[in-house]
Structure formats: C-alpha cells, structure tokens
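Remarks on the structure that follows.
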Amino acid sequence: MLYFLLLLQPIFVILLLMRISRREFLQQVLGIGVLVSSKSLFSDVSQKFLIPQERIDLLVARGDSPEQTLRSAISSFGGIEKFVKKDSRVVIKPNAAWARRPEQAATTNPELLAAMVRICLNAGARSVEIWDHTCDNPEIAFQRNGLKEAAEKAGAKVFPGNKKRDYQKIEIPKGKLMKSSLVLNSVLDADVFINMPIAKTHASTELTLSLKNLMGINWSMNSFHILGLSQSIADFSTAIKPNLIILDATRILLTNGPQGPGKVKELKTIVVGTNPVSVDSYAATFFGKRGEEIEHIRLASELGVGEIDLTKLAIKEITV
C-alpha cells in the first residue's frame, strides 16, 4: 500500500490544479481496482483525470498550400484515422457541378480534392470514389473544373451521378416537406462519406455550403425546388449525415453564384468538422452573415441537425 501511495504522490500536485481531492481521487482509483500494475494505473489515471481530451467542434486552418493546410487541419482535428480505417470504402462528394475553371471558385479546389484522396489512401482505404450529379454536362464539367484529372492522378475513381440506376430510395422520417429521396447507392454503401463543398454565394439560398452540397447526391435535384428549396435541404440533412466535412474556402465566390463567373476572394482557408449546421454557420461569416440569417441552415438547426450558435462551439484556429 505504501508503494502504491508513493506512485501516486507526483500526481497530487496536478490534482490540486484540477480541484479533485485526494479522497475523491483514491475512491475513483480504488473503486475500479487499479492495483494490478503501475502501468495500468497511470494509463487509467491519465485518461480519466490528468489529460482530458481537447474538444474541437470545428478546426479552421489557413495556409498557402491547400495540401499542407489540409493535412495540418486533419491532424489537429484528431487525425484521419478517426474516420478512415484500413480497407474502408471512401466516397467523397465535392462540388463538381459546373464547367468552370478552378480559379473561378464555382467548384471544389482540385488540389484540395487530390490531397484528400491521398490522405485517405495513405490511411489504408481500400478505395476512394468521387461522385457528383452535375448541373452541367458531366464530361465537360469534370474536364473543365480539373477535378477528374486531379482525383484520378491521386488514385481515386471518378463517377458522374447521371444514371438513375445508380440511385435507391430512402425515407426521410423527420422531413417536413421531403419525405423520401433517391440517393446515390455508393454514398449509402460507403464505409466513410466525406462532404467537400466549396463556399460560395447562391441566387436562391444566399449561400451554398455543406448542407446544400448534398443536393448533388440526389437523382431529382429539381424536387428540392418544387417542394421548397430551403426546407427540403434541411429535411434531407436529417437523413444523410457525412462522417467528415472538409469545407473549401481557399477561394470563395462572392457574386453570381452558384455557377459564376463572379467576384472571387482568396481566403486560403479550410474548415473541418463533422456537423453541417456548425460548419455552415461558421462559413457564413466569410460572407458577413450569421448562420441564423441563412434559411436552410436555420431550418436544419431547428430540426436538431446541429448547433448553429458559434458561441457554443469549440473552435480551434491554426495557421500553417
């Protein structure tokens, strides 16, 4: 027993800082029988008392190199291993909707997409697939925006979602207007689904960020407009939840969105998160907006999809 207490002595100073009494600490340790070895004792203590895990809801990274910024962002967010396991089938949904050049900021930065592909494959992913139901002709769009070439060179397979046979019906129990939808099979079957939107303005919804980007995994994007665009976007977000969101704000489109061309601003920024409402609420600030001011973000929040109030989020910012 004396040896056991000597082992604990160096820890008591730290416990004082954490406002945990010796009695409380000993009750916790003795209650779970941590007398097997000093190794198991200190392992358990470090997890429960001494080294609480840092909570990060959003990771905002800024840097000149899209790939290095992305790698640092994911590392600071806890590492890709949290999401991509060995032999995982990964599906990534960029914004590839338009036949615009990368510098026009209407589509996801191809450097960023290629970097994400490499990160997933290096983590042991069995395959990485890129899917988007484009608005422009898919062959022309993927060729012009550079996403197909960049993704394939990085080791991914690229697919346009322009065939109905690639979709299956899902129910949306929490939807107010949208009760069901035809969604890409590959997204539903994926082990890991990553949403990679670009931040830009939109003529109908003010902004298009991660929530609206998911329209591109649907067969009938027109149904969103028919039913009610903002509410349908919010409804759909209750049924399909990406494992990881990488929001591209390396360049943002300020005017004439979503297809441009328009005024482009370089922010050299990437936002990483897991909740679309939180990611989009933060990204709205790039345009001088609050998440509550954008109808589909607010509606998704009201449906319980995520936290819209930035003051309640743990946001970590880094510069690479």
Side-chain angles (χ1 to χ4, degrees), residues 60-63 65-71 73-74 90-120 128-136 138-161 184 186-187 192-202 207-217 221 242-254 256-262 264-273 276 279-280 282-283 286-287:
V60 182
R62 298 176 178 86
S65 165
E67 177 156 2
Q68 291 304 315
T69 304
L70 178 62
R71 288 185 180 276
I74 291 177
V90 179
V91 172
I92 301 176
K93 163 60 173 81
N95 187 321
W98 307 102
R100 297 294 187 192
R101 299 187 307 276
E103 60 269 23
Q104 293 177 299
T107 53
T108 301
N109 188 326
E111 292 181 65
L112 200 64
L113 179 62
M116 192 71 238
V117 171
R118 286 190 286 268
I119 289 170
C120 291
V128 179
E129 299 175 15
I130 313 299
W131 285 86
D132 196 5
H133 190 175
T134 64
C135 298
D136 284 341
E139 292 184 8
I140 297 174
F142 272 116
Q143 188 277 328
R144 186 79 182 274
N145 58 41
L147 290 169
K148 180 178 174 65
E149 180 181 6
E152 288 182 341
K153 282 185 176 180
K157 295 180 179 180
V158 179
F159 301 93
L184 279 165
S186 292
V187 170
V192 183
F193 175 42
I194 300 174
N195 188 9
M196 289 192 68
I198 188 169
K200 56 183 178 176
T201 56
H202 194 281
L207 300 177
T208 171
L209 305 162
S210 71
L211 285 162
K212 191 177 182 304
N213 194 49
L214 293 187
M215 284 180 64
I217 64 172
M221 291 184 285
N243 301 98
L244 181 63
I245 301 167
I246 308 292
L247 183 131
D248 173 16
T250 55
R251 293 180 288 252
I252 65 173
L253 181 61
L254 296 175
N256 203 29
Q259 73 272 28
V264 174
K265 182 178 181 180
E266 283 201 22
L267 290 185
K268 300 180 180 180
T269 301
I270 296 167
V271 182
V272 179
V279 169
D280 288 6
Y282 186 91
F286 298 149
F287 303 86

Is there a donor-acceptor pair closer than 3.5 Å between any side-chain N or O of Arg251 and the backbone N or O of Pro102? yes
Quick one: pull up CG in Asn195 and CD1 in Ile217 and give me the separation to the nearest 0.5 Å. 8.0 Å
CG of Leu147 to CD1 of Ile130, rounded to nearest 0.5 Å, is 8.5 Å
Sub-3.5 Å donor-acceptor pair from the side chain of Arg100 to the main-chain atoms of Gln259, do we have one? yes
Can any side-chain N or O of Asp280 pair as donor or acceptor with the backbone N or O of Ser210 at less than 3.5 Å? yes
Output all residues satisfying side chain to side chain contact (heavy atoms under 4.5 Å, CB included) with Ile140, sequence neighbours left out; order by chain, then residue number. Ala99, Asn137
Restricting to non-hydrogen atoms, name the atom on Thr108 and the atom on Met196 that form the minimum distance, rounded to 0.1 Å. OG1-O, 2.7 Å
Scan side-chain atoms only and decide if Thr250 and Asp248 contain a donor-acceptor pair under the 3.5 Å cut-off. yes
Do any N or O atoms from the side chain of Thr208 and from the backbone of Lys200 form a donor-acceptor pair under 3.5 angstrom? no
Throw together a table of side-chain donor-acceptor distances under 3.5 angstrom for residues 149-161, partners on residues two or more places apart or in other chains.
| residue | atom | partner | partner atom | Å |
| --- | --- | --- | --- | --- |
| Glu149 | OE2 | Lys153 | NZ | 3.0 |
| Glu152 | OE2 | Lys148 | NZ | 2.8 |

Under a 4.5 Å cut-off applied to non-hydrogen side-chain atoms, are Val192 and Leu244 in contact? no
Ring pair (Phe, Tyr, Trp, His ring centres under 6.0 Å) filter on Phe193, not counting sequence neighbours, yields none
Going from CZ on Phe142 to CG on Asp136, what distance comes out if it is rounded to the nearest 0.5 angstrom? 11.5 Å
Rounded to the nearest 0.5 Å, the CD1 atom of Ile246 sits from the CE atom of Met116 at a distance of 5.0 Å
Under 3.5 Å: donor-acceptor pair, side chain of Asn95, backbone of Pro197: no
Check whether any side-chain N or O of Asp132 sits under 3.5 Å from a backbone N or O of Ala96 as a donor-acceptor pair, and report yes or no. yes
Looking only at heavy atoms, which two atoms of Phe286 and Ala249 are closest? And how far apart? CE1-CB, 3.6 Å
Heavy-atom closest pair (Glu129 atom, Ser186 atom, distance to 0.1 Å) is OE1-OG, 3.4 Å
Provide the closest heavy-atom pair for Leu70 versus Ala115 in the form atom of the first, atom of the second, distance. CD2-CB, 3.9 Å
Closest approach of Arg118 to Arg71 (non-hydrogen atoms, all atoms of both residues): CB-NH2, 4.1 Å
Between Val117 and Ile92, is there a side-chain heavy-atom distance shorter than 4.5 Å? yes
Are the side chain of Asn213 and the backbone of Lys93 linked by a donor-acceptor contact shorter than 3.5 Å? yes
Identify the heavy atoms of Leu267 and Thr269 that sit nearest to each other, and give their distance. O-OG1, 2.8 Å
